[in-house]
Enquirer: 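Take this structure first; my questions come after.
Keep in mind the model is a prediction, meaning the values are calculated, not measured. Every chain is numbered from 1 and lettered A, B, ... according to where its sequence line falls, protein lines coming before strand lines.
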There are 2 protein chains.
Amino acid sequence: MIKGLAMAVTIKDVARLAGVSASSVCRALADPARVRPETRERVEHAARELGYHPNRVARSLITGRTLNIGVVLPDLANPFFPSVVKSIQTRARELDYAVFLSDTDEDPAVEVPAIRALAKQVDGFLLCSPRAPDEDLRSFAGEKPIVVLNRRITPFPSVTADSADGMRQAVAHLHALGHRSIAYVAGPRTSWSNRDRQRGLRAATAARGMTLVDAGNVAPTVDGGAAAADLVLATSATAVLAYNDLIALGLLQRFHARGVAVPGRISVVGFDDILVAALVGPPLTTVAIAKEQIGRVGVDLLLPLMAGHEDGTARRVLPTQLIVRGSTGPAPV
Amino acid sequence: MIKGLAMAVTIKDVARLAGVSASSVCRALADPARVRPETRERVEHAARELGYHPNRVARSLITGRTLNIGVVLPDLANPFFPSVVKSIQTRARELDYAVFLSDTDEDPAVEVPAIRALAKQVDGFLLCSPRAPDEDLRSFAGEKPIVVLNRRITPFPSVTADSADGMRQAVAHLHALGHRSIAYVAGPRTSWSNRDRQRGLRAATAARGMTLVDAGNVAPTVDGGAAAADLVLATSATAVLAYNDLIALGLLQRFHARGVAVPGRISVVGFDDILVAALVGPPLTTVAIAKEQIGRVGVDLLLPLMAGHEDGTARRVLPTQLIVRGSTGPAPV
DNA sequence: AGTCAGTCTGGAATCGTTTCCAGAATATTG
DNA sequence: CAATATTCTGGAAACGATTCCAGACTGACT
């Protein structure tokens with residue numbers, strides 16, 4: 001009895017009120033078919049009377065299952081991640097799982113401790129765009145079911161977007177508009193998606209004999225993009241592709257501030273299709289990826305792992321789709 | 001030994017390796033001062049050797065504390081909430097708490113079950129803009145420590161923004177620009193902040209003898225705002241204030257689509273100052289609230305409650321600040 | 001009526017940790 | 001050196017649920 005907080009009602013209270021043993025209460029509630037209808041009735045009534053809800057913590061101690069899943073991601077302030085988390089949450093709730101959230105603030109060094117801290121309280125993890133080195137993450141292999149989103153790393157199942165195809169679409173679009181020299185503003189070096197997108201872009205431009213200008217790495221934020229804008233303008237590029245939409249928005253902002261016409265002087269393409277991409281002026285041409293699907297598919301991949309089936313290394317690659325808006329136009333003559 | 005998953009190392013394993021009892025291991029790790037330096041050394045070494053981390057679940061069963069806090073909010077897709085969650089997360093991590101997240105999808109009926117489901121696994125709750133009726137929420141009073149954000153409801157401590165002052169600033173700004181008739185596009189009826197903001201706006205316009213036009217309630221989303229845009233134009237209002245930035249962005253979008261000049265024909269003011277507000281064209285004039293503070297202050301208010309101190313009903317009201325950008329201008333003549 | 005199969009039930013053990021208690025070891029004092 | 005005070009330690013109980021086991025009961029059948 002602590003500080004006036006109502007004492008939690010336990011299975012014993014129910015047992016006493018129903019006049020049966022704790023084991024019977026447990027059975028009656030978990031699997032009504034295993035007790036006589038009359039006891040079931042008595043137990044259910046008593047449980048309702050007292051407002052009994054089994055203590056998940058105590059249960060998980062004996063069953064070894066917590067019905068929780070852990071989600072670790074680099075930065076909730078990046079609008080991409082909330083969409084993913086939301087879809088995870090929705091799917092998790094359907095399956096009666098609760099969600100632990102851990103934001104690592106883009107710091108790779110925080111990831112492993114964050115996972116470690118949650119490990120005992122969850123049945124499995126969804127690692128969203130993890131930044132930590134492969135070896136570090138692999139140290140969890142076999143310890144806990146893990147599904148990785150937006151990154152491919154053996155031996156974990158993963159859900160990724162088809163960046164190569166997205167880049168192919170974007171490059172084809174720009175090529176058709178007459179662009180021959182494209183700059184790429186890269187995201188964090190530790191980001192697998194960044195490398196993946198860069199790789200896809202390199203292949204796509206090479207395939208068409210276009211020039212690819214490296215505009216360096218920046219933080220995947222609006223400020224990062226703004227910082228890269230002037231560098232981009234100093235090159236020969238007539239179009240710029242950003243690692244993600246936030247960077248692209250930063251580019252747009254800085255271009256606008258400097259009076260650089262978009263798409264007149266330079267075309268801008270983003271990646272992710274976050275909500276705001278459609279709202280800015282000019283609206284951003286971007287490569288959309290199925291954000292809501294990532295989370296749902298991730299959970300569905302995690303499920304069999306948590307149930308103990310060694311479904312090993314399923315790799316789901318989700319399609320990407322170029323969304324053409326106002327920020328891209330014909331190359332200047 | 002289940003399905004190849006490495007068996008978790010328990011306190012007994014450490015005890016065996018260190019050649020001491022489980023209780024000594026516990027003491028050595030929890031409070032090194034209570035054991036002889038030599039045992040401490042042995043235990044620490046053994047723990048490190050085996051990679052032992054105490055099982056929080058088991059611990060919480062006996063201590064009654066989980067070191068988890070639950071966060072419940074209406075919609076992660078609204079950029080306002082991720083900022084709050086992020087600040088909660090940051091503060092919680094500093095204090096060695098982990099965060100449970102539950103998104104109710106703006107459905108008031110989901111809130112109570114969501115809280116109920118998490119109740120046994122957390123030491124306290126941060127309810128972000130809860131939509132459920134007062135009575136429903138009050139049923140948790142005394143059961144679990146709860147701090148409410150963006151809503152005031154006895155007997156819970158709360159953290160809110162000074163909407164009245166924000167509205168006063170916005171109205172003063174518009175009045176100075178010559179506007180005399182203002183429309184308000186309201187958010188969810190179940191939202192306390194919506195009522196609070198509406199109240200503040202009513203007072204501020206009345207104080208200056210201005211006309212306040214009610215443009216109805218819409219969902220707090222871009223689409224909601226777009227839907228309200230035409231209604232607003234049909235009124236005599238020369239300026240429109242939205243319940244939040246998303247609605248304001250929807251208004252801007254629809255105005256732009258219809259070729260309505262902003263701020264030439266009509267001025268637009270939002271609320272919250274979400275990241276994108278500054279990025280759209282024209283950039284949105286809006287009332288900023290200290291999003292990062294809300295979460296931090298909320299956690300700090302929750303802390304003493306979870307420790308058992310009945311600090312009752314602290315009410316923190318955070319300041320608001322009008323941010324003037326391009327979406328407001330002189331009233332048309 | 002007696003045997004047997006099957007259904008229900010209560011008691012005990014268990015999960016991994018913390019905490020209480022009492023006894024052992026060590027240190028302090030006259 | 002003996003007596004006392006102090007520090008450390010191990011064993012056992014506890015947290016709240018689930019699960020195994022064995023015994024009690026029911027009913028069916030010969």
Side-chain angles (χ1 to χ4, degrees), chain A residues 1-2 5-44 46-47 50-68 117 119-123 143, chain B residues 1-2 5-44 46-47 50-68 96 117 119-123:
Chain A
M1 201 66 70
I2 320 168
L5 291 185
M7 204 54 195
V9 21
T10 80
I11 201 171
K12 284 184 189 165
D13 301 321
V14 179
R16 198 173 316 120
L17 180 60
V20 299
S21 74
S23 10
S24 293
V25 174
C26 178
R27 278 184 293 251
L29 296 166
D31 182 6
R34 297 200 60 77
V35 298
R36 215 171 31 174
E38 189 215 322
T39 20
R40 183 178 69 83
E41 177 60 34
R42 292 240 303 278
V43 169
E44 280 181 352
L50 297 171
Y52 169 75
H53 295 270
N55 185 329
R56 277 186 160 204
V57 171
R59 171 185 303 176
S60 73
L61 190 57
I62 183 85
T63 62
R65 306 186 58 211
T66 62
L67 291 185
N68 294 147
K120 291 281 180 29
Q121 318 193 63
V122 304
D123 294 338
E143 244 189 84
Chain B
M1 201 67 71
I2 321 166
L5 291 186
M7 205 53 194
V9 23
T10 80
I11 200 171
K12 285 183 188 165
D13 301 322
V14 180
R16 199 173 313 119
L17 180 59
V20 298
S21 74
S23 9
S24 293
V25 174
C26 177
R27 277 184 293 251
L29 296 168
D31 182 5
R34 297 204 59 76
V35 298
R36 213 171 31 176
E38 189 214 322
T39 19
R40 183 179 69 83
E41 178 60 34
R42 293 240 302 278
V43 168
E44 280 182 351
L50 297 171
Y52 169 74
H53 294 269
N55 185 328
R56 278 186 158 205
V57 172
R59 170 186 305 177
S60 72
L61 190 56
I62 183 83
T63 63
R65 306 187 57 213
T66 62
L67 292 185
N68 295 147
D96 203 30
K120 291 282 182 25
Q121 318 193 63
V122 303
D123 294 337

Enquirer: Between dG16(D) atom C1' and R16(A) atom CZ, what is the distance in whole Å?
Expert: 13 Å
Enquirer: If the cut-off is 4.0 Å, is S21(B) near the phosphate of dG10(D), judged by side-chain N/O to OP1 or OP2?
Expert: yes
Enquirer: Name the closest nucleotide to the S23(A) side chain, picking from dG11(C), dT19(C), dG16(D).
Expert: dG11(C)
Enquirer: Please give, in whole Å, the distance from dT14(C) C1' to L61(A) CG?
Expert: 9 Å
Enquirer: Over all strands shown, is V57(B) touching base, sugar-phosphate only, or nothing at heavy-atom distances under 4.0 angstrom?
Expert: nothing
Enquirer: Hey, could you give me the CG/OG1 distance between D123(B) and T63(B), rounded to the nearest 0.5 Å?
Expert: 8.0 Å
Enquirer: Main chain of Q121(B), side chain of T66(B): is a donor-acceptor contact present, judged purely on distance under 3.5 Å?
Expert: yes
Enquirer: Rounding to an integer number of Å, can you tell me how far D31(A) CG sits from dT9(C) P?
Expert: 13 Å
Enquirer: Y52(B) and V9(B): which non-hydrogen atoms are nearest, and at how many Å?
Expert: CD1-O, 3.4 Å
Enquirer: Give a yes or no on whether the backbone of A18(A) and the side-chain of R42(A) come within a donor-acceptor separation of less than 3.5 Å.
Expert: yes
Enquirer: T39(B) has a side chain; which of dA12(C), dC8(D), dA17(D) sits nearest to it?
Expert: dC8(D)
Enquirer: Round to the nearest Å and state the distance from H53(A) atom NE2 to dG16(D) atom P.
Expert: 16 Å
Enquirer: Less than 4.0 angstrom between a side-chain N/O of S24(B) and OP1 or OP2 of dG10(D), yes or no?
Expert: yes
Enquirer: Under 4.0 Å from OP1 or OP2 of dC8(C): is there any side-chain N or O of R34(A) that close?
Expert: no
Enquirer: Choosing from dC15(C), dG16(C), dT19(D), which nucleotide comes nearest the side chain of I62(A)?
Expert: dC15(C)
Enquirer: Rounded to whole Å, please give me the gap between CZ in R56(A) and C1' in dC15(D).
Expert: 19 Å
Enquirer: Whole angstroms only, please: what is the CZ-C1' distance between R65(A) and dT18(D)?
Expert: 14 Å
Enquirer: Report yes if at least one side-chain N or O of R36(A) is closer than 4.0 Å to OP1 or OP2 of dC8(C); otherwise report no.
Expert: no
Enquirer: Of the nucleotides dT18(C), dG16(D), dC20(D), which one has an atom closest to the side chain of I11(B)?
Expert: dT18(C)
Enquirer: Any donor-acceptor pair under 3.5 Å between the side chain of R27(B) and the base of dG10(D)?
Expert: yes
